[in-house]
Undergrad: 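Here it is, the structure in full.
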Protein chains: 2
Amino acid sequence: MTRLPDLFAALADPTRFAIVERLLAEGEQSAGELADIADITAPAISRHLKVLREAGVVTQRIDGQRRIYAVTPEPLQAISAWAIAHRDFWEGSLDRLEAAIRNRRKESR
Amino acid sequence: MTRLPDLFAALADPTRFAIVERLLAEGEQSAGELADIADITAPAISRHLKVLREAGVVTQRIDGQRRIYAVTPEPLQAISAWAIAHRDFWEGSLDRLEAAIRNRRKESR
DNA sequence: CTGTTAATTAACGCAAATGTTAATTACATG
DNA sequence: CATGTAATTAACATTTGCGTTAATTAACAG
């Protein structure tokens, strides 16, 4: 089981976070398709994907000469579990949490 | 509102994560009380607290010559909201895993 | 076999993060 | 007011992270 700080480190970079969001929103994609996620070169993307892979955030599937990436469920589960484990701490504002979720959905359309 | 990658960056360091866990478990504590959280000097702790403060993860309260720190609810809320917003993804992870395996079998024929 | 495409690895430069010791600020107390 | 305690800021060294270009590996197409 990956430790949370390592998971957070993987998601702390804006480019990597964008990759994860994209994969979550649109499903699995090849390294090439992810190229336009940020204004950086292909090797840079490749290294970000490696970091995500080593943190267990994404899995790699080989299809011909393409490497196809998808988000792994476990890390998201782990993060959710951690936040919810401390729910008694921030439970005072469930309304705001709900609002935040609604907001996210709205933005992603 | 703080962006998630910045939040994750604040929590990516093991010492900072330990500070947050401690404050969540035992409630607010002074910088001095947090000194034993890791085998580093007081200035190092102080800088970690500054990072957490600037990311909005903790608040600082002044009491005499002590600075007392406590976790802010909003960041945990935000993280939880993000994870839960993608719950449909990792909730049925077993089904998806199965489907992915079936899919791969189909393709390789 | 040859050339093209997809992606990664190698080698390198630079900026940011993290630790140290020393100096500073602010409050408390005899 | 002089001294001690709590914490931070300053200055500096070292490591890590992230980007680049060039080289490499692997699969595909003629």
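Just so it is clear: chains get the letters A, B, ... in the order the sequence lines come, proteins before strands, and each one is counted from 1.
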Undergrad: Are any of A/Tyr69's side-chain N or O atoms less than 4.0 Å away from OP1 or OP2 of C/dT8?
TA: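 For C/dT8, OP1 or OP2 has a side-chain N or O of A/Tyr69 closer than 4.0 Å.
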Undergrad: Is the CZ atom of B/Arg53 crowded by more than 12 outside heavy atoms at less than 6.0 Å?
TA: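 Yes, CZ of B/Arg53 has more than 12 neighbouring heavy atoms, counting only those of other groups under 6.0 Å.
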Undergrad: How many whole angstroms separate atom CG of B/Leu34 from atom C1' of D/dT8?
TA: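 Taking atom C1' of D/dT8 as the reference, CG of B/Leu34 is at 15 Å.
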Undergrad: What integer distance in Å separates A/Leu49:CG from C/dA7:P?
TA: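 Spelled out: CG on A/Leu49 to P on C/dA7 is 10 Å.
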Undergrad: Roughly how many Å is it from CZ in A/Arg61 to P in C/dA7, rounded to a whole number?
TA: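 From A/Arg61 CZ to C/dA7 P: 12 Å.
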Undergrad: Any chance you could list the contact pattern along nucleotides 13-20 of chain D? Use B for base contacts, S for sugar-phosphate-only contacts and - for none, protein heavy atoms under 4.0 Å, 5' to 3'.
TA: -----SBB
Undergrad: Looking at A/Asp13 and A/Arg47, is any side-chain nitrogen of the basic one under 4.0 Å from a carboxylate oxygen of the acidic one?
TA: no
Undergrad: Residues in salt bridge (Lys or Arg N to Asp or Glu O under 4.0 Å) with A/Glu33, at least two apart?
TA: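 A/Glu33 satisfies salt bridge (Lys or Arg N to Asp or Glu O under 4.0 Å) with no other residue.
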Undergrad: Go through B/Gln77 and B/Trp82 one step at a time and tell me if the side chain to side chain contact (heavy atoms under 4.5 Å, CB included) criterion holds.
TA: CA-CA 9 Å; B/Gln77 268 179 37; B/Trp82 177 71; over 6 Å; no
Undergrad: With heavy atoms under 4.0 Å as the rule, sort B/Gln60 into base, sugar-phosphate or nothing.
TA: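 Answer is sugar-phosphate: B/Gln60 comes under 4.0 Å of backbone atoms only.
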Undergrad: Answer yes or no: does atom CG of B/Asp39 have more than 12 heavy-atom neighbours from other residues, nucleotides or ligands under 6.0 Å?
TA: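 Open.
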Undergrad: Kindly point out which of D/dA7, C/dA6, C/dA7 is positioned nearest to the side chain of A/Arg67?
TA: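 From the listed options, C/dA7 comes nearest.
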Undergrad: For B/Gln65 and C/dT29, what is the distance between atoms CD and C1' respectively, to the nearest whole Å?
TA: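 Interatomic distance, CD of B/Gln65 to C1' of C/dT29: 10 Å.
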Undergrad: Which whole-number value in Å describes the distance from B/Arg66 CZ to C/dA26 C1'?
TA: 14 Å
Undergrad: More than 12 heavy atoms of other residues, nucleotides or ligands under 6.0 Å from CZ of B/Arg66: is that the case?
TA: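 12 or below, so no.
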Undergrad: Rounded to whole angstroms, how far apart are CD on A/Glu33 and P on C/dT5?
TA: 17 Å
Undergrad: Rounded to whole Å, please give me the gap between CD1 in B/Ile62 and P in C/dT25.
TA: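 From B/Ile62 CD1 to C/dT25 P: 16 Å.
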Undergrad: Give the rounded distance in Å between these two atoms: CG of B/Asp63 and P of D/dT8.
TA: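 Atom CG in B/Asp63 sits about 13 Å away from atom P in D/dT8.
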Undergrad: Is B/Arg16 reaching over with its side chain to a backbone N or O of B/Leu11, donor-acceptor style, under 3.5 angstrom?
TA: no
